[in-house]
Amino acid sequence: MRIVLAARAPIFLQTLLMAATTQPEPLDSARGFDLAGFLKTRTERVNRALNRFLPKATTKPQTIHRAMRYSLFAGGKRMRPALCLAAAQACGGRESDALPAACAVECIHTYSLIHDDLPAMDNDDFRRGKPTNHKVFGEGIAVLAGDGLLTLAFEIAARARATPRYPHARLILELARAAGSRQLVAGQVADLEGEGKSLSVPELRYIHQRKTSALLSCAVRLGGMSANCTPAQLEALTAFGRNVGLAFQVIDDILDVTQTSECLGKTAGKDTAARKATYPAIVGLGPSRRIARQLTERAFRALEMFPGEAQTLRALAAFLLHRQT
Ligand code: GRG
C-alpha cells in the first residue's frame, strides 16, 4: 500500500490534509444532546417495525426467514435508520413517516454485510458479535437470506407514505440507485479487485463513496423525502450524508487496526491481512483521524440551513466520528 499523496491526491484530499494541520474547529453544537437516549428509543422503534415488516420465523420456508432474522436482529448499531429518522426530523417531518424508509435501508445494509462475509467475498466468521450467517445456515441459505432482505427492502419502500414531491417511484429509484451496480455493488467490486494492489487515493475514495457513503446518504435523503423536503434541503442532506459516509469509512478503517475483534464484534485486522488499501495504510493513523474530523466538519457545515432542527443529525455525525465500535 505505497501511495504517495503529493502529486496524485485530489483537491478534496489536499484541502483536508492542509486543514488537518491547522487547529481543528470544535464540533460543539452536538454537546448537551441526549444522543444515547435518542439511539436507545429509536433502535427499539426500528426493531419493532422491522419485526412487523419481516415474515415470521415460522413462515414457510422457515429456514430462510430464520436466516434473514438472524442477521437483522444480531445487534447492529442501526446508524442508517437513526440518520434517516433524524433527517426527517430536521425537515419538520414525522418520524413515523420515515420509519419504512429507515427499515428498508437497514435491510439493504444487512444484506450487504451477509454477502460481504461470504467465503467468495471477505470470508468472515464473525459479524455483530455472532457467527456469520453462512457459518450458521450454510452458504446457499446465506446468499438467499441476503437476496430476501434486498428484495424485502423494495416491498417496504412500496408501503411507505409517498409525499407530493416524492411519489413511490422516486423512493424506489433512490434505493435502487444506492444499492445498484453503480454505487454499493460498484464499491464492493472495486474493493474486491483492489485487494493486494497499490491503489491511488482517488481509487480509494471511489470505493468509499460507493461501498459506504452511497447507502448512508440514501438513508438521510429518504428521511428528508418522507418529510416532503424542498430541493434545497435535499441538496444539503446529500452533502451531509456524503461527508458523514466518507468519514464513517475512514473511522471504520482506523478501528480495523486499533480495536480488538471482541470490541468490534467482527474480525479485526482483516484489511491488513487482505492487503486492502485504507486511509491508515496510506496516510497513517494521525492524519486519518484528522481527515475524518475534517469530513465531519464539512458535514456540519452542510447543515447550516437547518438552524435548530438538525441537532440530532449533528449529534449523530459527532458520535460517528468518536465511535469505538
Ligand atoms: C451483490 C453478491 C453481492 C454482494 C454485494 C454490496 C456488498 C455485497 C457489500 C457492501 C460492502 C460493505 C460491507 C461495505 C462496508 C460498509 C460498512 C462500514 C459496514 C459496517 O457498518 P456498521 O458499522 O455495521 O454500521 P453494523 O453492524 O453496526 O450495522
Side-chain angles (χ1 to χ4, degrees), residues 38-39 41-54 78-109 111 149-184 209-210 213-245 298-317:
F38 174 87
L39 286 175
T41 52
R42 277 28 175 225
T43 296
E44 287 164 0
R45 194 166 186 197
V46 166
N47 286 349
R48 281 196 302 272
L50 282 168
N51 190 37
R52 285 194 301 273
F53 282 126
L54 251 85
R78 303 293 193 238
M79 284 301 133
R80 293 151 193 82
L83 285 162
C84 181
L85 299 182
Q89 197 185 72
C91 296
R94 287 192 302 244
E95 286 185 28
S96 54
D97 289 336
L99 207 49
C103 292
V105 171
E106 186 64 19
C107 285
I108 293 182
H109 169 58
Y111 126 78
L149 286 168
L150 175 63
T151 315
L152 181 67
F154 293 94
E155 184 181 329
I156 296 173
R159 292 179 183 195
R161 198 175 77 87
T163 59
R165 288 194 186 93
Y166 308 102
H168 282 110
R170 184 74 186 77
L171 307 180
I172 288 165
L173 178 68
E174 186 70 24
L175 272 181
R177 274 192 181 146
S181 60
R182 279 165 291 194
Q183 293 294 330
L184 184 63
Q209 251 175 325
R210 282 156 187 80
S213 201
L215 196 58
L216 247 133
S217 203
C218 171
V220 174
R221 282 167 57 87
L222 283 173
M225 289 180 186
S226 75
N228 196 34
C229 67
T230 64
Q233 287 175 324
L234 189 62
E235 202 179 308
L237 291 175
T238 307
F240 171 81
R242 182 174 176 278
N243 283 295
V244 165
R298 282 185 179 190
F300 264 56
R301 282 198 290 280
L303 296 179
E304 275 163 8
M305 71 176 301
F306 304 97
E309 308 88 332
Q311 64 164 346
T312 313
L313 282 179
R314 290 188 185 90
L316 281 167

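Counting begins at 1 with the first residue of the sequence.
- Shown here are the side chain to side chain contact (heavy atoms under 4.5 Å, CB included) partners of A169, two or more places apart in sequence or in another chain: there are none.
- Atom CZ of R42 sits about 12.5 Å away from atom CE of M79, to the nearest 0.5 Å.
- Under the salt bridge (charged side-chain N to carboxylate O under 4.0 Å, His left out) criterion, no residue pair touches residues 226-238, with sequence neighbours excluded.
- The heavy-atom pair separating S213 from G245 by the smallest distance is OG-CA, 3.6 Å.
- Taken to the nearest 0.5 Å, the SG atom of C218 stands 10.0 Å off from the CG atom of L184.
- When all heavy atoms of A317 and F300 are compared, the pair lying nearest together is CB-CE1, 3.9 Å.
- Within the structure, salt bridge (charged side-chain N to carboxylate O under 4.0 Å, His left out) contacts touching residues 219-228 (residues at least two apart or in different chains) are E174-R221.
- Nearest heavy atom pair, residue G224 against residue L237, reads CA-CD1, 3.6 Å.
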List, one per line, each side-chain donor-acceptor pair under 3.5 Å for residues 151-158, sequence neighbours excluded.
from : atom 1 : to   : atom 2 : distance (Å)
T151 : OG1    : D147 : O      : 2.7
E155 : OE2    : R159 : NH2    : 3.1

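- The side-chain hydrogen bond (donor to acceptor under 3.5 Å, both in side chains) search around Q209 returns none, not counting sequence neighbours.
- Taking the side chain as every heavy atom from C-beta outward, T163 and S226 never approach each other to under 4.5 Å.
- Under the side-chain hydrogen bond (donor to acceptor under 3.5 Å, both in side chains) criterion, R210 pairs with no residue at all, not counting sequence neighbours.
- When side chains are defined from C-beta on, I108 does not count as touching L149, because their heavy atoms never get closer than 4.5 Å.
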Which pairs would a plain distance check flag for residues 80-89, meaning a side-chain donor or acceptor within less than 3.5 Å of a matching protein atom at least two apart in sequence or in another chain?
from : atom 1 : to   : atom 2 : distance (Å)
R80  : NH1    : H109 : NE2    : 3.2
Q89  : OE1    : T312 : OG1    : 2.5
Q89  : NE2    : E95  : OE2    : 3.2

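- With sequence neighbours left out, the side-chain hydrogen bond (donor to acceptor under 3.5 Å, both in side chains) criterion links E44 to K40.
- Annotation: side chain to side chain contact (heavy atoms under 4.5 Å, CB included) contacts of A160 (sequence neighbours excluded): P100, L171.
- For R177, the CZ atom sits in a loose shell: 12 or fewer heavy atoms of surrounding residues, nucleotides or ligands are nearer than 6.0 Å.
- When the side chain to side chain contact (heavy atoms under 4.5 Å, CB included) test is applied to A302, the partners found at least two apart in sequence or on another chain are A239, F240.
- The structure places CD of E309 at 10.5 Å from CG of L303, a figure rounded to the nearest 0.5 Å.
- Scanning for salt bridge (Lys or Arg N to Asp or Glu O under 4.0 Å) contacts around R182 gives an empty result, with sequence neighbours left out.
- Annotation: the span from S217 atom OG to R242 atom CZ amounts to 8.5 Å, rounded to 0.5 Å.
- At a threshold of 4.5 Å between non-hydrogen side-chain atoms, the residues R45 and S96 count as touching.
- Inter-residue side-chain proximity for R165 and M225 is flagged as unmet; no heavy-atom pair is nearer than 4.5 Å.
- Side-chain atoms of L234 and C91, non-hydrogen and from C-beta on, never get closer than 4.5 Å to each other.
- Closest approach of A178 to Q183, counting heavy atoms only: O-CB, 3.2 Å.
- Between the side chain of Y166 and the backbone N or O of L222, no donor-acceptor pair lies under 3.5 Å.
- Residues that satisfy the side-chain hydrogen bond (donor to acceptor under 3.5 Å, both in side chains) test with R94, not counting sequence neighbours, are D97.
- Across all their heavy atoms, C107 and L54 have their closest contact at SG-CD1, 4.5 Å.
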